[in-house]
Amino acid sequence: LLALLGIAALGFAGPLTGALALLPAAGLIAAGAWQVTRTKEVCLTHCQSPIGFVMHHWRSGRAGAFRMGLRHAAYCIGCCWLFMLVLFVAGAMSLLWMGVLSVAVFVEKAGPRSALVPRAIGVILVVLGGIAALGALGSV
C-alpha cells in the first residue's frame, strides 16, 4: 500500500513521458552496474544461504535472534535494493518488467553459487537499460 501511494504521489501511476521516461532505463543501468561491485558480492554471499548465515552468526536468545534477523535483512537489502528500486519505477505498471526482474532475483538467489551469474545478470540489465533508454529517447 505504501509503495502504491508513493507511486501515485510521485506521479508514476500512468505512463512515464518526457524526461521521466528515462527513469526506468537509468534504474536498469544502475542495477546492472551494482551487480559487479564487491559490496553486492558480499551481500549476495550472506543472502543466498540463510542457514549458513545463522550457523556462522549465531546469537542466543530472543535479542540475539532479533539482531541476526536485522543483520541478515541488511545483507538481503544490500543485495537486491536496486532490483527493488527498478521494480518500483519500471515494474509499477508493467507485468513484463516485474516478471523479468523477479526471474533475475530468483536465479541469483537460488541458482548456482558463482560470480558469473550476478555478472551475467548485470550485463543483461545494462543492455536492457540501454534498449529502454533508446526507446524512451525515440518517443520523446
Side-chain angles (χ1 to χ4, degrees):
L1 181 61
L2 290 176
L4 179 61
L5 292 174
I7 288 170
L10 293 171
F12 297 153
L16 298 176
T17 58
L20 287 179
L22 290 172
L23 210 52
L28 284 166
I29 292 169
W34 178 253
Q35 290 293 110
V36 298
T37 65
R38 176 73 179 138
T39 304
K40 165 70 179 196
E41 184 180 336
V42 168
C43 290
L44 181 61
T45 299
H46 289 289
C47 187
Q48 278 181 324
S49 175
I51 296 298
F53 177 86
V54 168
M55 292 178 71
H56 186 57
H57 298 282
W58 178 257
R59 301 287 181 264
S60 296
R62 289 183 182 167
F66 184 74
R67 284 195 332 242
M68 283 190 311
L70 287 178
R71 190 171 183 186
H72 189 258
Y75 280 122
C76 289
I77 289 169
C79 177
C80 295
W81 71 278
L82 273 166
F83 277 135
M84 299 306 131
L85 180 68
V86 170
L87 280 172
F88 184 75
V89 175
M93 299 305 280
S94 170
L95 288 176
L96 176 64
W97 281 114
M98 289 179 78
V100 167
L101 291 170
S102 296
V103 167
V105 169
F106 176 76
V107 166
E108 188 175 72
K109 175 117 170 110
R113 309 274 195 263
S114 163
L116 181 62
V117 172
R119 291 181 182 170
I121 291 171
V123 169
I124 292 167
L125 289 173
V126 169
V127 169
L128 288 174
I131 292 169
L134 289 174
L137 292 172
S139 67
V140 172

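Basis for what follows: all heavy atoms, side chains included, without hydrogens, waters or symmetry-related copies. Bear in mind the structure is a predicted one, so any value in this text is a computation, not a measurement. Start at 1 with the first residue, then count along the sequence.
Hydrophobic cluster membership differs between Leu137 and Ile29, with clusters built from Ile, Leu, Val, Met, Phe, Trp and Tyr side chains linked at under 4.5 angstrom. Cluster membership check: Leu85 does not share its hydrophobic cluster with Leu44, using side-chain heavy-atom separations under 4.5 Å among Ile, Leu, Val, Met, Phe, Trp and Tyr. When hydrophobic clusters are built by joining Ile, Leu, Val, Met, Phe, Trp and Tyr residues whose side-chain heavy atoms come closer than 4.5 Å, directly or via intermediates, Val107 is grouped together with Val105. Cluster membership check: Val117 shares its hydrophobic cluster with Phe83, using side-chain heavy-atom separations under 4.5 Å among Ile, Leu, Val, Met, Phe, Trp and Tyr. In the hydrophobic cluster analysis, where Ile, Leu, Val, Met, Phe, Trp and Tyr join through side-chain heavy atoms closer than 4.5 angstrom, Leu96 is grouped together with Leu28.
As a member of the Ile/Leu/Val/Met/Phe/Trp/Tyr network built from side-chain separations under 4.5 Å, Met55 groups with Ile51. Taking Ile, Leu, Val, Met, Phe, Trp and Tyr as members and joining any whose side-chain heavy atoms lie under 4.5 Å apart, directly or through other members, the hydrophobic cluster of Phe66 also contains Leu70.
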For residues 30-42, please give each side-chain donor-acceptor pair under 3.5 Å, one per line with the distance, not counting sequence neighbours.
unit_1	atom_1	unit_2	atom_2	d
Trp34	NE1	Gly78	O	3.2
Gln35	OE1	Lys40	NZ	3.1
Gln35	NE2	Glu108	OE2	2.6
Gln35	NE2	Pro118	O	3.1
Thr37	OG1	Trp34	O	2.9
Thr37	OG1	Lys40	N	3.2
Arg38	NH1	Glu41	OE2	3.2
Lys40	NZ	Cys79	O	2.6
Lys40	NZ	Glu108	OE1	2.8
Lys40	NZ	Glu108	OE2	3.3

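Residue pairs meeting the side chain to side chain donor-acceptor pair (under 3.5 Å) criterion with at least one member in residues 68-83, sequence neighbours excluded: His57-Arg71. Counting only residues at least two apart or on different chains, no salt bridge (charged side-chain N to carboxylate O under 4.0 Å, His left out) pair has a member in residues 72-85.
Remark: Leu82 CG to Ile77 CD1 distance equals 12.5 Å, nearest 0.5 Å.
Summarising the geometry of Ile121 relative to Ala104, their closest heavy-atom pair is CD1-O, 3.6 Å, with the distance given to 0.1 Å.
Judged as a side-chain hydrogen bond (donor to acceptor under 3.5 Å, both in side chains), and not counting sequence neighbours, Arg62 has no contacts.
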